[in-house]
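Here is the structure we will look at, set down as structure tokens.
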Number of protein chains: 2
Amino acid sequence: MTSDSRLSWKDVRDRIHEQILTGRYGPGDRLPRDADIAEDLSCARSTVQRAMQDLSDSGLVERRRKGGTRVRAEPVTRATLDIPITRREVEQRGARYDYQLISRRTAPAPRGVLAAFGLSRSRPMLRVEALHLSDGRPYIFEDRWICPETSPEVRDLDFTGQSANEWLVLNKPYTRLDLRFYAISANPRQADLLDTEPGAALLVIERTTWVDEAPITTVKAITTPGYQLLTGT
Amino acid sequence: MTSDSRLSWKDVRDRIHEQILTGRYGPGDRLPRDADIAEDLSCARSTVQRAMQDLSDSGLVERRRKGGTRVRAEPVTRATLDIPITRREVEQRGARYDYQLISRRTAPAPRGVLAAFGLSRSRPMLRVEALHLSDGRPYIFEDRWICPETSPEVRDLDFTGQSANEWLVLNKPYTRLDLRFYAISANPRQADLLDTEPGAALLVIERTTWVDEAPITTVKAITTPGYQLLTGT
DNA sequence: AACGTTAATATGTATGTACATATTTTGTCA
DNA sequence: TGACAAAATATGTACATACATATTAACGTT
């Protein structure tokens with residue numbers, strides 16, 4: 001990758017990956033130590049280290065100090081998921097984006113919300129319901145709770161122009177994120193809002209964020225029928 | 001992290017992360033070059049590089065040669081998803097795992113399967129339908145197509161004892177993976193297999209894998225009602 | 001002003017060395 | 001034999017240096 005003579009860490013990674021692919025090393029097998037591989041390929045140990053780091057990140061291999069490196073015995077399917085701001089998601093599909101605030105009011109957080117945050121005692125939070133539209137048709141309905149103790153600014157925001165989704169993602173970076181996906185049957189209200197039939201199967205993307213243990217927001221993004229969430233490109 | 005005097009790359013990363021959190025650098029802003037940060041913190045540039053690499057991987061920051069480092073203007077919610085082998089998933093919940101082969105036969109791959117692989121002309125593939133059970137109750141129904149040209153071994157496997165899920169994950173590492181999630185309404189057959197009502201909302205996890213452009217398998221994992229897919233721990 | 005070439009520059013990579021850290025292994029003593 | 005301490009060891013990190021590479025900025029020519 002770097003030059004034609006020197007070995008790049010990606011070359012080393014691919015080499016080892018291939019040896020795993022071809023069965024040279026099977027699940028649970030121990031690989032040679034970095035230093036030996038480095039000598040074998042006549043490159044620096046740090047180059048092997050970088051390659052191994054990547055293989056470890058991708059879940060193919062497990063490394064432990066003194067224990068060495070071994071191929072994962074119980075492999076997992078690991079993927080990275082990118083969820084953009086909804087506006088951007090719509091626009092990137094070449095559609096026109098619209099946003100509609102449905103409700104915004106403060107109320108004591110219900111049990112489900114407290115559970116998502118891992119809180120025990122109840123407290124008032126800001127609930128924002130909104131609809132994202134693609135080419136004028138409902139796209140995602142979001143039901144969001146925001147903790148005003150962590151984000152006092154929200155008291156002065158009405159979320160009519162800019163969605164809470166966008167404002168939070170732009171202004172409230174998080175240190176911890178929980179994501180969950182599941183399917184629900186549309187209840188009458190959801191069906192009405194999303195312009196579909198009650199009972200329709202809907203994918204829900206639930207997201208909860210914190211800054212250092214302090215809860216920021218939790219949101220249920222209820223998608224329209226047929227919505228698909230993809231990995232990669 | 002390393003010692004008490006020297007600065008570890010995680011320290012540097014957290015420091016910069018915090019400066020982004022506190023608004024010292026906002027979306028789109030350009031950060032100082034690595035070398036300057038290194039001098040500021042009196043550490044090596046490679047330490048800053050390592051920290052920046054991590055911030056870049058986590059989607060918080062974008063780096064371009066000569067262009068420098070800047071805070072992502074359109075942030076994304078990035079998460080890593082680990083999908084274990086179904087057997088292990090069940091066992092880790094403390095439940096008993098059972099597996100039931102429903103059908104195994106060769107047939108021309110339908111359009112949807114060819115589309116998933118990105119193939120144009122049809123060809124025969126092995127279809128395997130199976131049920132994973134948790135404590136004797138249906139857990140996931142998998143509808144899988146395997147390309148026998150890429151994995152000739154499957155011709156001699158009956159998948160009665162070991163599931164195709166497990167065999168493939170253990171023996172067929174992939175180089176490319178596509179994942180998609182969506183919701184469906186159970187049709188009568190699915191409802192019957194999963195012991196639920198027709199019309200129930202079900203989460204579907206669709207997975208397609210390749211080795212270097214050669215298709216391995218594509219599978220629809222149709223989960224039981226209430227199933228949730230989580231990130232992190 | 002428009003365009004293509006050249007220089008400048010910030011990040012990316014490779015290397016060697018020196019320690020740090022987490023485990024395992026070994027050794028010792030009761 | 002068993003428990004605990006000490007040595008051995010493989011990975012992890014930090015640093016300094018040298019070069020590679022991609023991209024922007026500068027510059028001159030038409």
Side-chain angles (χ1 to χ4, degrees), chain A residues 1-17 19-20 24-25 27-73 80, chain B residues 1-17 19-20 24-74 80:
Chain A
M1 227 50 171
T2 305
S3 130
D4 26 18
S5 65
R6 266 139 119 115
L7 226 55
S8 107
W9 67 265
K10 286 181 181 176
D11 296 335
V12 175
R13 177 198 59 187
D14 293 345
R15 199 124 161 183
I16 295 169
H17 189 159
Q19 290 189 312
I20 295 173
R24 170 90 178 71
Y25 299 108
D29 283 1
R30 181 166 171 180
L31 302 179
R33 28 193 280 250
D34 292 5
D36 290 343
I37 294 178
E39 200 185 2
D40 254 36
L41 307 177
S42 51
C43 67
R45 177 163 84 85
S46 44
T47 306
V48 177
Q49 156 85 23
R50 183 73 182 81
M52 286 301 196
Q53 193 61 49
D54 195 66
L55 289 170
S56 175
D57 285 347
S58 70
L60 201 66
V61 122
E62 273 174 333
R63 280 161 79 78
R64 280 167 61 192
R65 277 171 156 143
K66 161 86 183 179
T69 307
R70 46 188 62 217
V71 182
R72 269 185 93 120
T80 304
Chain B
M1 225 49 169
T2 305
S3 130
D4 25 17
S5 65
R6 268 141 117 113
L7 224 55
S8 109
W9 67 265
K10 286 182 182 176
D11 296 334
V12 176
R13 176 199 60 186
D14 293 345
R15 200 124 161 186
I16 295 169
H17 189 160
Q19 290 189 313
I20 294 173
R24 170 92 178 69
Y25 300 107
D29 285 1
R30 180 165 170 179
L31 303 179
R33 27 193 281 250
D34 292 7
D36 291 343
I37 294 178
E39 200 185 4
D40 253 38
L41 307 176
S42 51
C43 67
R45 178 164 82 85
S46 48
T47 306
V48 178
Q49 156 85 23
R50 184 74 182 81
M52 287 300 196
Q53 192 63 48
D54 196 64
L55 289 169
S56 175
D57 284 348
S58 70
L60 200 66
V61 122
E62 272 174 334
R63 280 162 78 76
R64 281 166 62 192
R65 278 172 155 142
K66 161 87 184 178
T69 306
R70 47 189 62 216
V71 182
R72 271 186 91 119
E74 302 255 17
T80 303

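In what follows, chains are A, B, ... by sequence order, proteins preceding strands, each numbered from 1. These numbers were taken from a predicted model, which means no experiment stands behind them.
- Protein atom CG of D36(A) is 12 Å distant from nucleotide atom C1' of dT9(D), rounded to whole Å.
- Put simply, the side chain of D11(B) does not reach to within 4.5 Å of the side chain of L41(B), judged on heavy atoms.
- A straight line from CZ of R63(B) to C1' of dT9(C) spans 14 Å, rounded to a whole angstrom.
- Summarising the geometry, the separation between CG on L41(A) and P on dT13(C) is reported as 18 Å, rounded to the nearest angstrom.
- Rounded to whole Å, the distance from CG on L7(B) to P on dG12(D) is 20 Å.
- Side-chain N/O atoms of R64(A) and base N/O atoms of dT11(D) include no donor-acceptor pair closer than 3.5 Å.
- A heavy-atom distance below 4.5 Å is found between the side chains of L31(A) and M52(A).
- Atom pair R50(A):CZ and dG16(C):P shows a separation of 18 Å (rounding to whole Å applied).
- Counting only distance, with no hydrogens or angles, the side chain of S58(A) and the backbone of L55(A) share a donor-acceptor pair below 3.5 Å.
- Look at CG on D54(B): it is 14 Å from C1' on dT13(D), rounded to the nearest Å.
- Here dG12(C) presents its P atom at 12 Å from CD of E62(B), a figure rounded to the nearest Å.
- Of all heavy-atom pairs spanning A51(A) and V12(A), the tightest one is CB-CG1, 3.7 Å.
- Going from atom CG of D34(B) over to atom P of dT9(C) covers 16 Å, rounded to whole Å.
- Heavy atoms of G68(A) sit under 4.0 angstrom from primed sugar atoms or phosphate atoms, though from no base atom.
- Between R65(B) and dT24(D) there is no side-chain N or O to OP1 or OP2 distance below 4.0 Å.
- The phosphate of dA10(C) (OP1 or OP2) has no side-chain N or O of T69(B) nearer than 4.0 angstrom.
- No hydrogens or angles were tested; on distance alone, a donor-acceptor pair under 3.5 Å links the side chain of R45(A) to the base of dG12(D).
- Here dC15(D) is the nucleotide among dT15(C), dC15(D), dA25(D) with the atom lying nearest to any side-chain atom of R6(B).
- The shortest heavy-atom contact between L7(B) and C43(B) is CB-CB, 4.5 Å.
- Checking dT11(C), dT9(D), dT15(C) against every side-chain atom of K66(A), the shortest atom distance belongs to dT9(D).
- Regarding contacts with the backbone of dA16(D), every side-chain N or O of S46(B) stays at 4.0 angstrom or more from both OP1 and OP2.
- At the phosphate of dG12(D), OP1 or OP2 sits under 4.0 Å from a side-chain N or O atom of Q49(A).
- Counting any heavy atom pair closer than 4.0 Å across all strands shown, R30(A) reaches sugar-phosphate atoms only and no base atom.
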